[in-house]
Amino acid sequence: MKVLVVGNGGREHALGWTLLQSPNVEQVICTPGNGGTATLHNCLNLSIAVDDFAGIAQAVAEYQISLVVVGPEVPLSLGIVDYLRERQIAVFGPTQSGAKIESSKSWAKEIMTQAKVPTAKSQTFTDAETAQVYIQSVGAPIVVKADGLAAGKGVIVATTIEEAIAAVAELLENSGKLIIEEFLTGSEVSVLAVTDGLTIRPLSPAQDHKRIGEKDTGKNTGGMGAYSPVPLVTEELSLRIEQEILQPTLKALQQQGIDYRGVLYAGLMITPAGEPKVIEFNCRFGDPETQVVLPLLKTPLDEILLACVEQRLAQLPPLQWKSGSAVCVVAAAGGYPDAYQKGKAIAGILEAEQKGAIVFQAGTKLHQAEILTDGGRVLGITAVGDTFAEAVAIAYAAMESIEFEAMYYRRDIGHKYR
Ligand SMILES: Nc1ncnc2c1ncn2[C@@H]1O[C@H](COP(=O)(O)OP(=O)(O)O)[C@@H](O)[C@H]1O
Ligand SMILES: [Mg+2]
C-alpha cells in the first residue's frame with residue numbers, strides 16, 4: 001500500500017520511516033515533507049501545504065493512496081479529517097470536533113470534568129478583571145493558559161501574582177479566552193494512545209524535555225529531546241492511566257457524539273504522591289515523543305493505524321515492543337526558540353547514522369543535493385539501545401558527527417531517568 005503523511009516535522013519523518021519498515025508499505029508520500037523525507041528511500045515529497053485539503057485529496061487520487069496519516073494539530077483542528085472522510089478517503093486522525101480536545105483547553109477541561117479525570121483545578125475567563133480577582137484570591141504560583149492553539153507559546157507558569165496578571169493581559173489580547181489553573185508539581189510524562197473511537201491502547205510512555213536550557217531552565221520549546229520507556233510509569237501506573245484517564249476520556253468523547261479515530265495524547269504530571277494528573281490532551285502524535293516511541297514498536301505501524309481507521313482495534317493482537325530504550329536529542333538552530341537563522345549547510349548525517357543512530361530531520365530542506373537548516377528544531381538524533389545508558393551513549397556519540405553553523409543541543413537529555 002501507499003500512505004500519505006501530512007506535515008513536515010521530525011514526527012512526520014519518523015512516521016514515514018516507521019511505515020516504510022513495514023512489509024505492507026511500498027511508498028510514502030509526504031505533503032509537504034522536509035529534507036529527511038525527501039531523501040528517505042521510497043518516500044516522495046509533494047509541495048502541498050497542510051491546509052490545502054483539496055490538493056491533498058487530489059494527491060490521494062493521483063497516487064492511489066490507501067491511507068492518510070495527519071501529523072500536526074493545525075490541519076486537524078481545521079477539519080482535514082472531516083473533509084477527507086466525506087470523500088471516502090481512509091484517514092488516521094480525529095475529526096474537527098475531536099481535535100477540539102487540543103484546540104480548546106477550556107473544552108478539554110469540560111470533558112475531563114464530565115469524565116471525572118484527575119486534572120489541575122481550573123476556571124475559564126473572558127475578561128481581565130474577573131481573572132485578576134481570581135488570581136488575587138488564590139495566589140501564586142499559578143498557571144495561565146490561552147484557550148486556543150498557540151504553537152507552544154500560550155502557557156505561562158507564573159511564580160508571582162504580578163507575573164500572572166501580566167500573563168492575563170498578554171494572553172487575553174491574543175486569544176480572547178483563557179483558563180487559569182492550579183500549579184502542579186511532580187514529573188511530566190507523555191502517554192500517547194491510539195484509538196478507533198471504541199477501544200483505546202496506550203503506546204510506550206515517553207518523557208519530553210520542554211525547556212531550551214540544561215537542567216530544565218530557560219524558555220519553553222517544542223521539545224529538546226525525549227526518551228522511552230519511562231521507568232516512573234510502572235505497569236501498575238500504566239494500568240491506572242488507562243483506566244482512570246484514557247478510557248473515561250474516550251467515553252466522554254463518545255457521549256458528545258464524537259467519532260475519534262487517531263492519537264489521544266495525554267500530557268501528565270505524576271505528582272510526588274504518585275497520582276497521574278492531566279496537564280493537557282493533544283489530538284496527534286507528539287514531537288519529539290514520536291521519534292522515540294515508534295523506533296521501539298515491533299508491530300507494523302500501518303496495521304495499527306488501519307485498525308483504528310476501520311474500527312477493529314479490539315481485534316488487533318497486543319502491540320509488540322522491542323526491549324531496551326530509545327533516546328532522541330534535538331539539534332536546534334542557535335537562538336531558538338527566539339529568532340534564529342535558516343539555510344545553513346548540515347554536515348555529518350551519514351557519519352552519525354554509521355555510528356548506529358537514526359537521524360530524523362525536522363526543520364530541514366533538500367536544496368541542490370544538500371541538506372540545509374530550515375527551522376528552529378533541525379534534527380532529532382535518535383538511538384535505540386539494549387539499555388537506556390547505551391541509547392544515550394549512541395545518540396551523543398552520533399551528535400559529535402553533526403555540524404552546522406550555530407548548532408545547539410542539550411547535553412543532559414534523560415537527566416531525570418529513574
Ligand atoms: N498546572 C500546571 N502545573 C505546572 N506546570 C504546568 C501546568 N500546566 C502546564 N504546565 C507546564 O507548561 C507546559 C505547557 O503547558 P501545556 O498545557 O502542555 O500547553 P501547550 O503544550 O499547549 O503549550 C507543560 O508542559 C508544563 O511544563
Ligand atoms: Mg503541552
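Read the numbers this way: they start at 1 and go in the same order the structure lists the ligands and their atoms. Side chains included, hydrogens not; waters and symmetry mates left out as well; all remaining heavy atoms used. Keep in mind it's a predicted model, so treat the numbers as computed, not measured. Along the sequence shown, residues are numbered consecutively beginning with 1.
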Query - Option from Val292, Thr290, Asp208 for which side chain to side chain contact (heavy atoms under 4.5 Å, CB included) with Cys328 holds - result: Val292
Requested in this report: Check Ala397 against Lys355 and note the closest heavy-atom contact, atom names and distance.
Outcome: O-NZ, 3.0 Å
Query - Side-chain ion pair, Lys2 and Asp302, N-O less than 4.0 Å - result: no
Query raised in the report: Can we say Asp147 and Lys145 salt-bridge, meaning some charged N sits less than 4.0 Å from an Asp/Glu carboxylate O?
Result: no
Query - Arg410/Glu214 ion pair, N-O < 4.0 Å - result: no
Query - Glu181/Lys121 salt bridge by N-O under 4.0 Å criterion - result: no
**Report entry** Steps toward side chain to side chain contact (heavy atoms under 4.5 Å, CB included) verdict (Lys344, Leu372)
**Finding:** CA-CA 5 Å; Lys344 308 294 180 195; Leu372 304 180; over 6 Å; no
Per-pair distances, ligand 1 N/O vs protein N/O, less than 3.5 Å:
from, atom 1, to, atom 2, distance (Å)
ligand 1, 1 (N), Glu181, OE2, 2.8
ligand 1, 1 (N), Glu182, O, 2.8
ligand 1, 3 (N), Leu184, N, 2.8
ligand 1, 8 (N), Lys145, NZ, 3.1
ligand 1, 8 (N), Glu181, OE2, 3.4
ligand 1, 17 (O), Lys105, NZ, 3.4
ligand 1, 17 (O), Lys145, NZ, 2.7
ligand 1, 18 (O), Glu280, OE2, 2.9
ligand 1, 19 (O), Lys105, NZ, 3.1
ligand 1, 21 (O), Glu280, OE2, 3.0
ligand 1, 22 (O), Lys105, NZ, 2.9
ligand 1, 22 (O), Glu280, OE1, 3.3
ligand 1, 25 (O), Glu188, OE1, 2.7
ligand 1, 27 (O), Glu188, OE2, 2.4

Query raised in the report: Does the separation of the ring centres of Phe388 and Tyr227 fall below 6.0 angstrom?
Result: yes
Query - Cut-off under 2.8 Å, centre the Mg ion (ligand 2), protein N/O/S atoms - result: Glu280 OE2
Report summary line: side chain to side chain contact (heavy atoms under 4.5 Å, CB included) with Met1: of Leu19, Ile65, Leu306, only one passes, and it is Leu306
